[in-house]
**Student:** 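Take a look at this one; I'll ask things after.
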Amino acid sequence: MNFLDDLNEKQQLAAAHINGPMMVIAGAGSGKTRVLTYRIAHLMRQGVDPFNILALTFTNKAAKEMKERIGSLVGMGEAKNISMGTFHSVFARILRHNSEKIGYPSNFTIYDTQDSRSLIKSIIKEMGLDDKIYKPGSVHGRISSAKNNLISPSAYEASAEIVGEDRMARKPEIYRIYKLYNERCFKSGAMDFDDLLFKTNELLRDFPDVLHYYQQKFQYILVDEYQDTNYSQYLIVKRLAAVNENICVVGDDAQSIYSFRGANIENILNFKKDYPDFQLYKLEQNYRSTKNIVEAANSIIARNVDQIKKEVWTSNDEGGHITVVRCATDNEEGRVITNKIYDLKQSTGCEYKDFAILYRTNAQSRSFEESLRKLGLPYKIYGGLSFYQRKEIKDLIAYFRLSANPNDEEALKRVINYPRRGIGNTTLDAVSVAALQYNTSMWNVLSDPHQFPLNISSGIRTKLSNFVTKIQGYNAKLELVPAYDLASDIATSTGIMRELYEDKTPEGVGRYENIQELLAGIKEFSVSQPEGTKATLADFLIDVALLTDADQETEEDLNKITLMTIHASKGLEFPHVFIVGLEENLFPSQLSLTSRTELEEERRLFYVALTRAQKSCTLSYVNTRFKWGQLITAEPSRFIDEIDSRFVHFENKLEKSGGGVSLKGFTRPSDFSKPTTSRMQERPSGVPKNLKKLSDTPTSSSSSGGTTQPLKVGYNVEHDRFGKGKVTGLEGSFPNQKATVFFPRVGQKVLILKFAKLTVLD
DNA sequence: ATCAAGGCTTTTTTT
DNA sequence: AAGCCTTGAT
């Protein structure tokens with residue numbers, strides 16, 4: 001039997017392509033993952049050894065799923081042997097095998113973004129620069145994009161253009177920070193995310209035997225989401241594919257949403273230049289969404305100037321309109337969307353996993369979380385603060401890292417005084433200075449303190465040497481003791497377990513459980529290793545640095561409502577999608593409004609969001625929203641109006657009235673003191689006029705100084721939603737005065753008076 | 001060296 | 001709102 005029969009004609013042609021370069025331009029929902037999967041299976045059926053296949057995906061989860069699907073077609077035993085994963089994880093492994101060639105230990109550490117920023121921050125301090133001007137985050141961004149374009153520190157320094165840009169931005173020293181940063185990473189035996197690609201390029205460039213080996217090994221190369229690769233990734237692929245030219249790239253320019261991290265649509269154009277005889281396949285039939293959704297999405301993307309023209313179409317049902325909902329506040333948005341999900345589930349009988357709430361920024365998840373929890377609906381948030389970014393997890397992993405690679409300076413600084421062992425900043429600074437002075441790592445100073453002049457008391461010296469001995473002990477066990485055993489040994493013998501166990505606060509209990517979960521994860525990791533291979537803690541570390549919480553998904557997560565950013569939703573699909581927070585300055589983001597290309601990327605992002613939906617798609621926006629603790633007013637996103645109106649239904653559009661609602665730009669709290677602005681919130685009906693609404697008179701009472709507060713502890717008040725209650729506490733002053741009120745119906749609440757619809761009864 | 005309190009800033013997006 | 005950092009007291 002021929003399993004290619006599962007595909008449509010165009011998909012079949014692409015999947016059956018064997019030798020020579022090929023590109024698949026695939027519209028949203030046109031089954032590109034399917035083509036990739038079947039093509040790999042087909043290759044294997046045709047006798048290609050899975051060891052000779054390299055498939056690069058955008059996420060580890062995508063790799064895992066694709067592997068499973070291929071496994072079900074040709075057998076798991078075989079599928080296992082394909083090299084499949086993200087660029088970062090595949091090449092981290094390759095680097096590990098070849099690390100000594102480029103001067104790194106095989107147990108090199110992978111610095112995450114936090115590590116990088118913290119290192120950059122200390123370098124900025126050491127250089128005596130002002131970290132208000134040289135913000136670690138933006139300096140890192142600059143360095144990162146240099147690396148993604150394969151610009152080394154010396155090339156950076158030599159480029160008049162780049163240094164000129166820095167000078168214009170009043171940050172002329174970045175090239176020096178970059179240089180020092182790289183030196184420090186090297187000395188710490190650490191690579192950052194970008195190094196994983198940069199160093200791979202170095203390795204393949206400078207070691208012809210290595211290049212040759214992998215060219216022979218990877219006879220067939222496939223790259224998914226090609227539109228989101230950067231120059232560094234492009235060049236790795238080009239080098240590896242140079243001999244056999246059996247390269248297949250799959251992508252959709254309309255879904256390019258990662259240019260902020262160096263992704264480059266030009267890679268598609270370069271492909272045409274590099275392999276002029278390549279075969280092009282276009283997939284334009286959408287199998288995912290209703291006609292309305294497909295055409296609405298088309299009408300959006302048509303507004304972009306930068307695009308490869310294609311006609312995405314579907315033979316699916318027409319489906320319902322795209323619904324647009326207006327809400328007063330972010331909290332109401334949470335309630336409204338949650339209720340809609342509840343109703344839709346009741347009426348259609350679908351499952352929780354059929355719903356997704358997609359937003360532009362992680363911070364928006366809060367209001368949805370709250371109302372979902374209130375209604376008792378199960379949900380899972382992806383992204384944001386992931387499991388591996390939690391403090392307690394990072395702390396324990398820092399011990400693991402240090403045990404595997406004692407030169408890892410960021411790990412050292414993290415745990416040398418955690419749990420408290422009386423080694424403070426003064427001591428650490430002294431060690432750091434000595435390390436810099438003698439051009440060595442902090443660990444070398446610590447482990448051989450007599451070699452270095454350290455002005456430190458003997459009591460502290462003992463503490464330091466105890467710490468060193470402890471780490472050396474772990475280090476010695478690294479190759480001998482199984483990963484799980486060593487990990488739990490470290491967790492207990494450092495005192496981390498005890499410290500967390502003794503913390504009986506809910507947060508403390510949670511942290512303790514997280515540690516347990518991490519240890520369980522390590523056990524699982526050990527078990528899942530192929531027969532005969534022993535998994536050390538160092539092996540686990542390579543994995544863990546590149547895991548995200550999509551990889552953490554458990555069985556029970558499988559039937560929950562999904563909450564994630566639109567970026568994270570790429571490649572996924574859901575029957576019912578809610579795209580929330582469609583407001584100017586949020587989506588499109590304020591930061592994207594300066595250039596057409598950035599705005600177009602936001603539009604592509606909206607396109608991606610729309611095309612996640614299979615059956616229905618609902619958009620929402622709010623009139624006022626909290627941002628950084630301040631209430632701001634918002635306008636509906638331009639993207640709403642950009643959808644061809646034939647496909648849209650406005651559920652409760654605000655009628656244009658001359659009144660105060662169409663206020664523009666009143667985003668500052670100072671505007672609240674202007675008398676004309678009429679509070680922006682509609683006065684709830686049902687509040688008798690003779691009752692004094694606090695929120696109507698915030699300015700006169702407090703900002704004019706000295707006048708007594710209209711509210712006192714003990715007053716009886718009434719709230720629109722919570723009912724009657726008694727004030728039990730007041731704190732802060734205008735505009736941030738808060739009242740603690742006890743409502744017999746709902747319990748104690750802390751209300752911000754500026755906004756609370758509170759009425760005094762006495 | 002440690003801790004508490006108060007001030008200050010926030011990359012939108014992620015490997 | 002929340003986390004981070006500085007400051008000041010012990």
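Throughout, a chain's letter reflects where its sequence line sits, starting with A, and its residues are numbered from 1.
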**Student:** Return the value, rounded to whole Å, for the distance between atom CG of A:Leu582 and atom P of B:dT12.
**Tutor:** 18 Å
**Student:** Is the phosphate of B:dT14 approached by A:Asn362 (side-chain N or O, under 4.0 Å from OP1 or OP2)?
**Tutor:**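 Yes, within the criterion.
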**Student:** Given atom CG of A:Leu631 and atom C1' of C:dA1, what is their separation to the nearest angstrom?
**Tutor:** 13 Å
**Student:** Pick the P atom in B:dT13 and in C:dC4, then give their distance to the nearest Å.
**Tutor:**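 The answer is 16 Å between these two P atoms.
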**Student:** Please give, in whole Å, the distance from C:dA1 P to A:Trp628 CH2?
**Tutor:**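 These atoms are roughly 15 Å apart.
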**Student:** Contacts to DNA chain B from residues 110-139 of chain A, heavy-atom cutoff under 4.0 Å, which residues?
**Tutor:**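 DNA chain B contact set from residues 110-139 of chain A: A:Thr113, A:Arg117, A:Lys135.
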**Student:** Could you check whether A:Leu546 gets within reach of a base, just the sugar-phosphate, or nothing at all, counting any heavy atom under 4.0 Å?
**Tutor:**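 Here A:Leu546 touches no strand at all.
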**Student:** Heavy atoms under 4.0 Å, any strand shown: does A:Arg420 hit a base, just sugar-phosphate, or nothing?
**Tutor:**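 Contact class for A:Arg420: sugar-phosphate only.
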**Student:** Across the strands shown, which category fits A:Asn417 at heavy-atom distances under 4.0 angstrom: base, sugar-phosphate, nothing?
**Tutor:**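 Result for A:Asn417 = sugar-phosphate.
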**Student:** Please report whether the ring centroid of A:Phe368 lies less than 6.0 Å from that of A:Phe578.
**Tutor:**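 Between A:Phe578 and A:Phe368, the centre distance exceeds or equals 6.0 Å.
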**Student:** So, A:Lys147 versus A:Asn201: side-chain donor-acceptor pair below 3.5 Å or not?
**Tutor:**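 No donor-acceptor contact under 3.5 Å links the two side chains.
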**Student:** Measure the distance from CD on A:Gln630 to C1' on B:dT10 and round it to the nearest whole Å.
**Tutor:**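 Taking CD of A:Gln630 and C1' of B:dT10, I get 13 Å after rounding.
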**Student:** Side chain of A:Phe260, heavy atoms from C-beta onward: which of B:dT15, B:dT14, B:dT12 has the nearest atom to it?
**Tutor:**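 Ranking B:dT15, B:dT14, B:dT12 by closest atom to the A:Phe260 side chain puts B:dT14 first.
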**Student:** If you take atom types as modelled and just measure distance, does the side chain of A:Arg360 reach the base of B:dT12 with a donor-acceptor pair under 3.5 Å?
**Tutor:** yes
**Student:** Before we go on, tell me: are the rings of A:Phe260 and A:His567 under 6.0 Å apart, centre to centre?
**Tutor:**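 Ring centres of A:His567 and A:Phe260 closer than 6.0 Å.
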**Student:** Roughly how far, to the nearest 0.5 Å, is the CG atom of A:Asn405 from the CZ atom of A:Arg401?
**Tutor:**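 Between A:Arg401 CZ and A:Asn405 CG, I get 8.5 Å after rounding to 0.5 Å.
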**Student:** Under 4.0 angstrom, heavy atoms only, what part of the nucleic acid is A:Phe587 near: base, sugar-phosphate, or nothing?
**Tutor:**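 Here A:Phe587 touches no strand at all.
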**Student:** For A:Phe387 and B:dT14, what is the distance between atoms CZ and C1' respectively, to the nearest whole Å?
**Tutor:** 19 Å
**Student:** Please report the distance, rounded to the nearest Å, between OH in A:Tyr258 and P in B:dT11.
**Tutor:** 17 Å
**Student:** In whole angstrom, give me the gap between the C1' atoms of B:dT15 and B:dT11.
**Tutor:** 16 Å
**Student:** Cation-pi check, A:Arg603 to A:Phe606: give yes when NZ or CZ is under 6.0 Å from the six-membered ring centre and within 45° of the ring axis, no otherwise.
**Tutor:** no
**Student:** Just to be sure I understand the rule, does A:Ser589 reach a base, reach only the sugar-phosphate, or reach nothing, if contact means heavy atoms closer than 4.0 Å?
**Tutor:**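 Base: the residue A:Ser589, judged by heavy atoms under 4.0 Å, touches a nucleobase.
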**Student:** Does some side-chain heavy atom of A:Val90 sit less than 4.5 Å from a side-chain heavy atom of A:Leu54?
**Tutor:**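 The answer is yes, as the side chains (C-beta and beyond) meet within the 4.5 Å cut-off.
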**Student:** Could you state the atom-to-atom distance from NZ of A:Lys394 to P of C:dG3 in whole Å?
**Tutor:**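 Roughly 15 Å, once rounded to whole Å.
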**Student:** If you find the nucleotide of DNA chain B closest to A:Gln590 and the one closest to A:Phe58, which residue's nucleotide is nearer the 5' end?
**Tutor:** A:Gln590
**Student:** Check the phosphate of B:dT12 against A:Ser592, side-chain N and O only, distance under 4.0 Å to OP1 or OP2. Yes or no?
**Tutor:** no
**Student:** For A:Thr361 and for A:Ser89, find the nucleotide of DNA chain B with the closest heavy atom, then tell me which residue's nucleotide is more 5'.
**Tutor:**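 That would be A:Thr361.
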**Student:** Mind checking A:Glu602 for me? I need base, sugar-phosphate or nothing, with any heavy atom below 4.0 Å counting as a touch.
**Tutor:** base
**Student:** Between A:Tyr359 and A:Phe587, does the ring centre distance come in under 6.0 Å?
**Tutor:**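 Distance test on ring centres: not under 6.0 Å, no.
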**Student:** Would A:Ser367 and A:Asn331 count as having a side-chain donor-acceptor pair, cut-off 3.5 Å?
**Tutor:** no
**Student:** How long is the line joining CZ of A:Phe87 and C1' of B:dT15, in whole Å?
**Tutor:**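 After rounding, the reported distance stands at 11 Å.
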